[in-house]
There are 2 protein chains.
Amino acid sequence: MNSQDVILGLLARQPLSGYEIKQKFEMPLSFFFDASFGTIYPTLAKLEAQGHIMKESVIQEGRPNKNVYSLTDSGRAQFQSFLESPIERDVFRSDFLVRMFFSEFLDTDTQADWIRDEIRKTEEGGSHLQQMRQLVTEDMSPARTICLDIGYELNAAKTRTLKDALRRITDTTE
Amino acid sequence: MNSQDVILGLLARQPLSGYEIKQKFEMPLSFFFDASFGTIYPTLAKLEAQGHIMKESVIQEGRPNKNVYSLTDSGRAQFQSFLESPIERDVFRSDFLVRMFFSEFLDTDTQADWIRDEIRKTEEGGSHLQQMRQLVTEDMSPARTICLDIGYELNAAKTRTLKDALRRITDTTE
DNA sequence: CCGAGCATGTAAGGGGTTACATGATTGG
DNA sequence: CCAATCATGTAACCCCTTACATGCTCGG
């Protein structure tokens, strides 16, 4: 799975411009996938060159014109073949956990500070997800809600574990 | 954070060869960071060229010789400056969730199959982590145990959420 | 004799990031 | 007038992945 696959998927629902695609990369999609303009525009150009999408210039008033892309038959087939390909396993990469792994090189004050920081960041993301969840759950398919639910539950589990750990560290050393 | 930082961290504990470094990239480290030989060897060469590590050839009997690397002062300083740099936020990328996000293009049987598969894979990883946790918890620092605890708890949360979702999907449609 | 484990590397290519470059319009 | 939003793109670079290439030794 790469940006190409995800962009094709977004265009399978409705024609979009590069700028609009970028906006779609927000919650809940951004929880498990993201792409920047530096990826989106070259990818669109590549997809068009391959004949998977078609550009249409839309003249707008009071705003710059935009290039709206829509799927061709070949693009629809390409997206389908992504859906039929084997599912890759999740990638989870954590700078924070790497540092905890090397905690022997840190004093406990620094450890505690970092954990408190990580709790704060995680909780911020969590409240964002909770809002999403309450707003849009009704008109979402059961499978689609998994995206929000997993996001929310992973967040909650992480927060809980971090708070436990912080308690253990501050209990034994301060 | 990149391979360079993590390799320096591993060498800060003890001198290692490339092959031995690869072996260190197992649980629990592999849960939140990984590197292949194609990364490790070039990174070691680069670190040596920069003067951060020192090579020593060790002649072995009954096995090929190996190049054991140890940190120089400059390497120790480099690792320290990594520890002082801002902590990057976690990266979580999920092919599975992207597909759930696009579930409107799939029939419910496929959805259910995929979820059952994902549950199986997640549970496999979970039992592996649980074994680790029971084996080595005693002689690990509180901060270090976070790595295993978060791994285990995230896994458990994901499994729970997937099972709930599967129930909802099979209830309403079959 | 063959496969598995030990051991080190290279080369090509993929896929992404960040920063730069440009420019229009709208609202405060 | 200035900041924000809309809008598109490029260029340099980084980092990693996969596959290839080599070769030794031990145990079955």
Side-chain angles (χ1 to χ4, degrees), chain A residues 1-8 11 15-26 29-30 32-50 53 55-69 78 82 85-86 88-93 95 98, chain B residues 1-8 11 15-26 29-30 32-50 53 55-69 82 85-86 88-95 98:
Chain A
M1 178 204 44
N2 53 27
S3 302
Q4 209 176 298
D5 299 320
V6 181
I7 288 174
L8 284 174
L11 294 179
L16 294 165
S17 69
Y19 195 82
E20 287 161 349
I21 287 171
K22 174 66 184 158
Q23 292 175 324
K24 296 279 170 189
F25 284 115
E26 275 169 12
L29 231 197
S30 72
F32 47 89
F33 193 88
D34 205 1
S36 61
F37 286 124
T39 300
I40 293 169
Y41 287 117
T43 302
L44 286 170
K46 209 170 150 195
L47 284 170
E48 200 194 4
Q50 291 172 328
I53 59 177
K55 173 156 67 176
E56 195 194 351
S57 291
V58 174
I59 285 109
Q60 298 186 112
E61 284 177 41
R63 312 179 159 193
N65 299 340
K66 61 180 177 180
N67 301 324
V68 172
Y69 294 90
Q78 182 66 25
F82 156 64
S85 71
E88 293 161 36
R89 52 168 225 263
D90 294 352
V91 174
F92 178 65
R93 181 180 268 222
D95 188 357
V98 165
Chain B
M1 178 203 45
N2 54 27
S3 303
Q4 210 177 296
D5 299 318
V6 181
I7 288 174
L8 284 174
L11 294 180
L16 295 164
S17 70
Y19 196 81
E20 287 161 349
I21 287 171
K22 174 66 184 160
Q23 292 176 322
K24 296 279 169 187
F25 284 115
E26 276 172 9
L29 232 197
S30 74
F32 48 89
F33 193 88
D34 205 1
S36 60
F37 285 125
T39 300
I40 293 170
Y41 288 117
T43 302
L44 286 171
K46 209 170 149 194
L47 284 170
E48 200 194 6
Q50 291 172 329
I53 60 176
K55 174 157 67 177
E56 195 194 350
S57 290
V58 174
I59 286 108
Q60 300 188 113
E61 283 175 43
R63 306 178 164 193
N65 299 342
K66 61 180 177 179
N67 301 324
V68 172
Y69 294 91
F82 157 63
S85 70
E88 292 160 39
R89 49 167 228 264
D90 294 352
V91 173
F92 177 66
R93 182 180 266 223
S94 173
D95 189 356
V98 165

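Note on naming: letters A, B, ... go to the chains in the order of the sequence lines (proteins, then strands), and numbering restarts at 1 for each one.
Counting any heavy atom pair closer than 4.0 Å across all strands shown, A:Gly38 reaches a base atom. Heavy atoms of A:Lys22 sit nowhere under 4.0 angstrom from any nucleic acid atom.
Out of C:dG16, C:dA7, D:dT8, the shortest distance to the side chain of A:Phe33 is found at C:dG16. Distance from the side chain of A:Tyr41 is smallest to D:dA7 among D:dC15, C:dG15, D:dA7. Nearest to the side chain of A:Tyr19, among D:dG9, C:dT8, D:dT8, sits D:dT8.
Taking atom CG of A:Asn65 as the reference point, atom C1' of C:dG23 lies 12 Å away to the nearest angstrom. Taking atom CD1 on A:Ile21 and atom P on D:dG9, their separation rounds to 11 Å, with Å as the unit. Counting to the nearest Å, the C1' atom of C:dT8 and the CZ atom of B:Arg63 are 15 Å from each other. Whole-Å rounding puts the A:Asp95 CG to D:dC15 C1' distance at 16 Å. Distance B:Glu88 CD to D:dC14 C1': 13 Å, rounded to the nearest Å. As rounded to whole Å, 16 Å separates atom P of C:dG16 from atom CZ of A:Phe37. One atom, CE of B:Met1, and another, C1' of C:dT17, lie 15 Å apart when rounded to the nearest Å. Computed from coordinates, the A:Ile7 CD1 to C:dG16 P distance equals 9 Å when rounded to whole Å.
Nucleotides of DNA chain C nearest to A:Pro64 and A:Lys46 differ in position, and the one nearer the 5' end is that of A:Lys46. Residues A:Pro42 and A:Gln60 each lie close to DNA chain D; by heavy-atom proximity, the contact nearer the 5' end of the strand is made by A:Gln60. Sequence order on DNA chain C of the closest nucleotides to B:Lys55 and A:Asp34 puts B:Lys55 first from the 5' end.
Distances shown here put a side-chain N or O of B:Ser3 below 4.0 Å from the OP1 or OP2 atom of D:dC16. Phosphate proximity of D:dT18 to B:Ser36: absent, as no side-chain N or O sits under 4.0 Å from OP1 or OP2. Put simply, B:Arg93 has no side-chain N or O that comes within less than 4.0 Å of OP1 or OP2 on C:dG15.
Within a 6.0 Å radius of NZ in A:Lys24, no more than 12 heavy atoms belonging to other residues, nucleotides or ligands are found. Atom CD of A:Glu56 is surrounded by 12 or fewer heavy atoms from other residues, nucleotides or ligands within 6.0 Å.
The closest donor-acceptor contact from the side chain of B:Asn65 to the backbone of B:Gln60 lies under 3.5 Å.
Summarising the geometry of B:Leu16 relative to B:Leu11, their closest heavy-atom pair is N-CD2, 3.5 Å, with the distance given to 0.1 Å.
Contact annotation: the side chain of A:Leu44 never approaches that of A:Asn67 to less than 4.5 Å [non-hydrogen atoms, C-beta and beyond].
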